Asks: 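My questions all concern the structure below.
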Amino acid sequence: MYASSAAAAEGPFLITYTHQMEEPGNLEVTTKNVTGKPVAGKRFLGSALEFEYGVKGWWTTEVYLDGQTTARDATLFTGYRWENRFRVLSREHWINPVVYIEFENINGADKSLLEVVDKDGESDLTGPSSETRAEKKRELEAKLILGSYFKGWTFAENFIAEKNVKHAPFEFGYAVGISRPLALAARPDPCNLCPENVQAGVEVYGGLGTHERFGLRETSNYVAPTVAWTIANGTRFTVSPTFGITETSAGFLLRFAVSYELDQFGRAARHLFRNSGGGQ
């Protein structure tokens with residue numbers, strides 16, 4: 001037996017998206033977290049609680065609830081995001097494109113750091129929450145996601161464009177990743193410590209300036225090894241030490257996540273509502 005190519009192609013990434021979509025009817029619940037201590041700031045923990053649902057084989061939708069806590073400062077809810085991903089080609093190809101569209105309604109105190117665009121950097125993490133929370137960020141974000149799966153290896157490339165709905169220029173960023181499970185052959189019985197349940201890889205991501213000043217100059221860029229471990233009941237643990245490689249980057253961030261998938265949640269929910277309606 002061999003590990004599922006779809007599962008392997010998801011990759012262990014926390015920033016880079018692959019072309020894999022959520023299975024129709026399934027709901028995946030994930031908490032994504034990042035912690036760090038800016039040189040001129042206080043240690044923080046940024047979190048995003050994610051609900052990902054497979055609407056169709058070609059359409060996945062997600063809702064994020066963001067929050068953060070900063071030492072000797074504040075703990076607060078910072079906003080929400082609604083994301084949709086659309087797979088362009090139904091069959092698997094050498095390169096598989098996916099279109100991503102997201103609306104963000106967050107404030108300036110948000111520290112979930114789910115993407116890096118333009119000149120996002122360490123300086124954005126140092127302001128007191130009482131001031132930064134007053135900044136409203138209602139933004140539209142689009143991504144072109146390209147993904148490939150070849151002989152156990154997952155390759156993913158993302159190009160990001162973001163725009164405040166009221167003002168500011170178009171801001172750009174990128175993310176690329178490569179990963180592979182430690183083994184491709186899967187055991188027939190459930191197993192927690194099998195090598196095929198562990199994926200290892202690396203992500204590189206950062207800002208690309210604006211439409212007026214496009215490029216890497218004065219932008220933040222990061223290199224992040226990442227490892228994901230999926231146990232027999234489907235719970236997945238991911239950890240990614242992240243290293244800033246430019247002057248404006250945060251020097252070190254630690255990302256970690258836990259996710260659990262509810263198979264056929266949509267069918268169970270419809271069945272529950274039908275039974276409730278019939279009992280009235």
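What you see is a predicted model, and the numbers here were worked out from it, not measured in a lab. Index from 1, following the sequence.
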Asks: Judged by modelled atom types alone, do N33 and S47 share a side-chain donor-acceptor pair under 3.5 Å?
Replies: yes

Asks: Determine whether V239 and I15 fall in the same hydrophobic cluster, where Ile, Leu, Val, Met, Phe, Trp and Tyr are linked whenever their side-chain heavy atoms lie under 4.5 Å apart.
Replies: no

Asks: Identify the two heavy atoms, one from P12 and one from G201, that lie closest to each other, and give their separation to 0.1 Å.
Replies: CG-N, 4.0 Å

Asks: State yes or no: do V29 and Y53 share one hydrophobic cluster built from I, L, V, M, F, W and Y residues joined by side-chain heavy-atom distances below 4.5 Å, directly or via other members?
Replies: yes

Asks: Tell me, do F13 and T154 make a side-chain contact under 4.5 Å, heavy atoms counted?
Replies: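 In short, these two side chains touch, coming nearer than 4.5 Å.
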
Asks: Side chain to side chain contact (heavy atoms under 4.5 Å, CB included), that's the test. Do V223 and V202 meet it? Break it down for me.
Replies: CA-CA 7 Å; V223 174; V202 63; 4.0 Å; yes

Asks: State whether a side-chain donor-acceptor pair under 3.5 Å links N197 with W229.
Replies: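 N197 vs W229: no donor-acceptor pair found between side chains.
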
Asks: Can T219 and N221 be counted as having a side-chain donor-acceptor contact under 3.5 angstrom?
Replies: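 Side chains of T219 and N221: pair found under 3.5 Å.
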
Asks: Do Y149 and N96 come within less than 4.5 Å of each other through their side chains, counting heavy atoms only?
Replies: no

Asks: Return yes if a side-chain donor-acceptor contact under 3.5 Å exists between E62 and Y100, otherwise no.
Replies: no

Asks: Are the side chains of E92 and H19 in touch, meaning some heavy atoms are under 4.5 Å apart?
Replies: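 Touching, per the 4.5 Å side-chain cut-off.
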
Asks: Provide the closest heavy-atom pair for L89 versus P97 in the form atom of the first, atom of the second, distance.
Replies: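 For L89 versus P97, the nearest heavy atoms are CD1-CD, 3.8 Å.
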
Asks: What's the spacing between T242 OG1 and L254 CG if we round to 0.5 Å?
Replies: 7.5 Å

Asks: Please determine whether salt bridge (charged side-chain N to carboxylate O under 4.0 Å, His left out) holds for the pair E203 and R255, giving the CA-CA distance in whole Å, both sets of side-chain angles, and the decisive distance to 0.1 Å.
Replies: CA-CA 12 Å; E203 297 181 89; R255 295 183 181 273; over 6 Å; no

Asks: From E104 CD over to N164 CG, what is the distance, rounded to the nearest 0.5 angstrom?
Replies: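 Taking CD in E104 and CG in N164, the distance rounds to 10.0 Å.
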
Asks: Could you note down all residue pairs passing disulfide (SG to SG under 2.5 Å) where residues 14-71 supplies at least one of them, sequence neighbours left out?
Replies: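 Listed once each, the pairs would be none.
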
Asks: Using atom types as modelled, flag every donor-acceptor pair under 3.5 Å from a side chain in residues 130-144 to any protein atom, sequence neighbours excluded.
Replies:
unit_1: T132; atom_1: OG1; unit_2: P128; atom_2: O; d: 3.3

Asks: Looking just at side-chain N and O atoms, do T61 and N84 make a donor-acceptor pair shorter than 3.5 Å?
Replies: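 A donor-acceptor contact under 3.5 Å links the two side chains.
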
Asks: Tell me whether the rings of F170 and H211 are parallel (<30°), tilted (30 to 60°) or perpendicular (>60°).
Replies: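 F170 and H211: perpendicular rings.
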
Asks: Between S240 and F256, is any pair of side-chain heavy atoms under 4.5 Å apart?
Replies: no

Asks: Report yes or no: do V204 and W153 belong to one cluster of Ile/Leu/Val/Met/Phe/Trp/Tyr joined by side chain heavy-atom distances under 4.5 Å?
Replies: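 Yes, it is one cluster - the side chains of V204 and W153 are joined through contacts under 4.5 Å.
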
Asks: For residues T248 and S123, determine if any side-chain heavy atom of one lies less than 4.5 Å from a side-chain heavy atom of the other.
Replies: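 A side-chain contact under 4.5 Å is absent here.
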
Asks: Evaluate side chain to side chain contact (heavy atoms under 4.5 Å, CB included) for T18 paired with I145, printing each intermediate quantity in order.
Replies: CA-CA 7 Å; T18 72; I145 300 167; 5.8 Å; no

Asks: Have S112 and D66 got a donor and an acceptor in their side chains that come within less than 3.5 Å?
Replies: yes

Asks: Using 30° and 60° as the class limits, which term best fits the ring planes of F155 and W94: parallel, tilted or perpendicular?
Replies: tilted

Asks: Looking at Y260 and N233, what are the two nearest heavy atoms and their distance?
Replies: CE1-O, 3.3 Å

Asks: Just how far is it from atom CZ of R236 to atom CD of E28, taken to the nearest 0.5 Å?
Replies: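 Answer rounded to 0.5 Å: 7.5 Å.
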
Asks: How many angstroms lie between OG1 in T69 and CZ in F44, if you round to the nearest 0.5 Å?
Replies: 11.5 Å

Asks: Within a strict 4.5 Å, meaning less than it, do heavy atoms of the Y222 and V116 side chains meet?
Replies: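 Touching, per the 4.5 Å side-chain cut-off.
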
Asks: Check step by step if side chain to side chain contact (heavy atoms under 4.5 Å, CB included) holds for F214 and L208.
Replies: CA-CA 6 Å; F214 185 84; L208 286 174; 3.9 Å; yes

Asks: Tell me if a side-chain donor or acceptor on D110 pairs with a main-chain N or O of N107 at a distance below 3.5 Å.
Replies: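 Judged by distance alone, no pair lies under 3.5 Å.
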
Asks: For residues 146-168, pull every pair meeting salt bridge (Lys or Arg N to Asp or Glu O under 4.0 Å), keeping only residues two or more places apart or in separate chains.
Replies: none

Asks: Measuring only between side-chain heavy atoms, which start at C-beta, is V98 closer than 4.5 Å to V88?
Replies: no

Asks: Would you say the side chains of T70 and Q68 form a donor-acceptor pair under 3.5 Å?
Replies: yes

Asks: Could you give all pairs that pass the salt bridge (Lys or Arg N to Asp or Glu O under 4.0 Å) test and reach residues 36-59, with sequence neighbours left out?
Replies: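 Residue pairs passing salt bridge (Lys or Arg N to Asp or Glu O under 4.0 Å), neighbours aside: K32-E50, E52-R85.
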
Asks: Which hydrophobic side chains are connected to V39, either touching it within the sub-4.5 Å cutoff or through other members that do?
Replies: none

Asks: If you measure from CZ on F159 to CG on L146, what distance do you get to the nearest 0.5 Å?
Replies: 11.5 Å

Asks: Closest approach of D124 and K119, non-hydrogen atoms and distance?
Replies: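 Where D124 meets K119 most closely, the heavy atoms are OD2-O, 4.1 Å.
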
Asks: Do the charged groups of R213 and E171 touch, with an N to O distance under 4.0 Å?
Replies: no

Asks: Please give me the minimum heavy-atom distance between T60 and E22, naming the atom from each residue.
Replies: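 Residues T60 and E22, closest heavy atoms: OG1-N, 3.0 Å.
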
Asks: Between N158 and T16, do the side chains contain a donor N or O and an acceptor N or O under 3.5 Å apart?
Replies: no

Asks: Restricting to non-hydrogen atoms, name the atom on P181 and the atom on L184 that form the minimum distance, rounded to 0.1 Å.
Replies: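 Heavy-atom minimum between the residues: CG-CD2, 3.7 Å.
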
Asks: Linking Ile, Leu, Val, Met, Phe, Trp and Tyr through side-chain heavy atoms less than 4.5 Å apart, which residues share a cluster with L14?
Replies: none

Asks: If I take atom CD from residue E83 and atom CZ from residue F103, how far apart are they, to the nearest 0.5 angstrom?
Replies: 14.0 Å

Asks: So, S249 versus T246: side-chain donor-acceptor pair below 3.5 Å or not?
Replies: yes

Asks: Measuring centre to centre across the rings, with the benzene-like ring taken for any Trp, is Y64 within less than 6.0 Å of Y80?
Replies: no

Asks: Is S220 reaching over with its side chain to a backbone N or O of D120, donor-acceptor style, under 3.5 angstrom?
Replies: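 Indeed, once roles are kept as given, a pair shorter than 3.5 Å links the two residues.
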
Asks: Applying the 4.5 Å side-chain criterion to the ILVMFWY set and letting contacts propagate, would F243 and Y174 be lumped into a single cluster?
Replies: no

Asks: Out of curiosity, does I106 fall in the hydrophobic cluster containing F77 (side-chain heavy atoms, cut-off under 4.5 Å, transitive links)?
Replies: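 No, because F77 and I106 fall into different hydrophobic clusters, even though each may have its own neighbours under 4.5 Å.
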
